Amino acid sequence: MAAAKRAGARGRHAKGAMPSYGSRTDIGLVRDHNEDSLAVNPPLYAVADGMGGHAAGEVASEIAIQTLVANAPETPDGDDLARAVVAANHAVIRAAIEGIGRKGMGTTMTAAMLVGKRLVVAQVGDSRAYLMHEGSLQRITRDHSLMADLIESGQITAEEARVHPQRSVITRALGSDPSTLPDIYEMNVAAGDRLLLCSDGLSGMVDDSLLESTLERVKDPQRCAAALVNEAISAGGHDNVTAIVVDVPTNAEAVIKKQTRKGRLAAILAAIAFVLVLVGVGAGSMAYLDHTAFLTEKDGNVAVYRGMPGEIAGLTFSHFDHDTGLAADDLEGLPANVRERLAEGIKVDSVADADALVETWKEQIEQYKKSTAPASKKLTDDADAQDAASSDAAKAAESADGENSDTEEGDAA
Ligand code: MN
């Protein structure tokens, strides 16, 4: 398994201003794989709960954790942490496309960064972050799950959700939609607070009051993580169980948040993530899917791709959708820089928008050809597509060349 997971198993108990922490993951009593993965790389801590069957969930959660660790910022910055989670999402999607793991595999991701009193949490799925503050347990994250939606709309209670047959249905995960973004929570915590990150194998088996009393009772963070996992197993261990416990040092200094924006993308991501938090709170996780697309040149034609053009951190996040049939060197009549922009990828909101744009181009090209064709040729009433237009244009050119010839084929007398 990954270094991140081994580091988690070792744990560490630093003195002074460094937080002390502990972690444990366990397969549980029912499953035959442990599809949970975790990272304990201070100041970064993360839990990912994979899904996909036949061990693919383990692959998905491991790829997500490794990509997160590789891309995580050094300080608790919401924008930058969101970007690392986005990179993790793209890495899982790309792995499935490349045949690593399985198509349809996915994972949750609950990632936290803690420096001094500054805590930032990024959330996708139904793993959770909790904070113990002055002896009482507060949940930081909102689940992206069917149960959360049903509880919030008053259709079932939290107790009913615990035994509901669809309790594991999640409404947002890494590995399916390239435009998925995490919810971001940023806050200042207090010296002596305790952070818990866990998979649903803990929160689904052990109720909040027992989590709270255990977090209060077991002072050593490593022993506490082990005790929490043991409680989930005692309760039946129906799922893989993972817990990370991090203590905010009692002498923690408030760390002034570094406000340097690392560029426009980070700012845009932060804005979108913020809006999503609002939307998520207000309207659940419905209507989240959004498929962006772009136009670019492929095999000499204008082609539609899904995803985003270019690459981020060496990864590409797109796949070919279809060829539009429009030749890339037949764009006369369009603005001069279109072909240049195609090389970079022209972003649109959806595949339908891409097709609509190409249709507009085809009309403009046809108009251009009509306007430049010799006036003697009957082109203006030609209702056919640009194929007919271009063959007429070719004929027109031919006829212009052979003005003195009377062998023009099919020419109306
Ligand atoms: Mn689980």
Side-chain angles (χ1 to χ4, degrees), residues 4 35-39 44-52 56-73 78-96 101 104-113 119-130 139-149 152 168-186 197-201 203-204 240 242 244 269-270 272-281 283-291 312 315 317:
E35 300 195 323
D36 288 358
S37 293
L38 70 154
L44 175 70
Y45 311 87
V47 169
D49 177 351
M51 64 215 76
E58 190 172 356
V59 174
S61 66
E62 198 61 55
I63 289 169
I65 286 285
Q66 288 184 11
T67 310
L68 177 82
V69 169
N71 289 276
D79 306 348
D80 291 347
L81 187 59
R83 279 212 292 191
V85 173
V86 167
N89 182 40
H90 294 155
V92 175
I93 292 170
R94 202 174 68 153
M105 69 179 179
T107 183
T108 71
M109 175 63 76
T110 301
M113 293 196 72
L119 175 65
V120 174
V121 178
Q123 170 74 5
V124 175
D126 68 348
S127 301
R128 290 180 178 179
Y130 291 89
R139 177 134 67 93
I140 297 170
T141 50
R142 178 189 176 276
D143 294 348
H144 300 132
S145 69
L146 180 61
M147 293 303 104
D149 292 348
E152 281 165 23
S168 58
V169 174
I170 64 174
T171 51
R172 201 189 301 177
L174 303 185
S176 53
D177 181 349
S179 62
T180 295
L181 293 170
D183 290 344
I184 298 293
Y185 304 85
E186 299 192 61
L197 303 184
C198 65
S199 63
D200 68 330
S203 53
N240 310 141
T242 301
I244 301 174
L269 273 178
I272 295 170
F274 178 67
V275 168
L276 282 172
V277 169
L278 299 181
V279 169
V281 168
S285 306
M286 305 289 286
Y288 180 74
L289 294 183
D290 176 30
H291 295 279
I312 295 172
L315 304 171
F317 312 120

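For the numbers below, each heavy atom of this structure counts, side chains included, while hydrogens, waters and symmetry mates do not. Not measured: the values here are computed from a predicted model.
Put simply, the side chain of Val124 does not reach to within 4.5 Å of the side chain of Asn89, judged on heavy atoms. Between His90 and Pro178 the shortest side-chain heavy-atom distance falls below 4.5 Å. When side chains are defined from C-beta on, Asp183 counts as touching His144, because their heavy atoms get closer than 4.5 Å. Counting heavy atoms from C-beta on, the side chains of Thr242 and Asp49 never come closer than 4.5 Å. At a threshold of 4.5 Å between non-hydrogen side-chain atoms, the residues Met113 and Pro73 count as touching. Between Asp36 and Val47 there is no side-chain heavy-atom pair separated by less than 4.5 Å.
Rounded to the nearest 0.5 Å, atoms CD1 (Ile244) and SG (Cys198) are 9.5 Å apart. To the nearest 0.5 Å, atom OG1 of residue Thr141 and atom CD1 of residue Ile184 are 12.0 Å apart. In this structure, the separation between CD1 on Ile63 and CG on Leu68 is 13.5 Å, given to the nearest 0.5 Å. Considering CD of Glu35 and OG of Ser199, their distance stands at 11.5 Å, rounded to 0.5 Å. Atom OG of residue Ser203 and atom CZ of residue Arg139 lie 7.5 Å apart, to the nearest 0.5 angstrom.
Heavy-atom minimum distance, Ala122 versus Pro182: CB-CB, 4.0 Å. Closest non-hydrogen pair, Ala72 versus Leu44, comes out as CB-CD2, 3.7 Å. For the residue pair Thr107 and Ala48, the shortest heavy atom distance occurs at OG1-CB, 3.4 Å. Between Leu197 and Ala129 the shortest heavy-atom distance is CD2-CB, 3.5 Å. Between Ala111 and Leu81, the shortest heavy-atom contact is O-CD2, 3.8 Å. In terms of heavy atoms, Ala88 sits closest to Ala64 at CB-O, 3.5 Å.
Taking 4.0 Å as the cut-off between side-chain N and carboxylate O, Arg172 and Asp143 do not count as a salt-bridged pair.
Gln123 contributes a side-chain N or O that, together with a main-chain N or O of Gly125, makes up a donor-acceptor pair within less than 3.5 Å. A donor-acceptor pair under 3.5 Å links the side-chain atoms of Thr110 to the main chain of Ser127, judged by distance alone. A donor-acceptor pair under 3.5 Å is absent between the side-chain atoms of Thr108 and the main chain of Asp126, judged by distance alone.
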Quick one, Glu62 with Ser37, criterion side chain to side chain donor-acceptor pair (under 3.5 Å). Give me CA distance, side-chain angles, the key distance, then yes/no. CA-CA 6 Å; Glu62 198 61 55; Ser37 293; 3.1 Å; yes

Side chain to side chain contact (heavy atoms under 4.5 Å, CB included) between Arg128 and Ile140: does it pass, once the steps are laid out? CA-CA 8 Å; Arg128 290 180 178 179; Ile140 297 170; over 6 Å; no

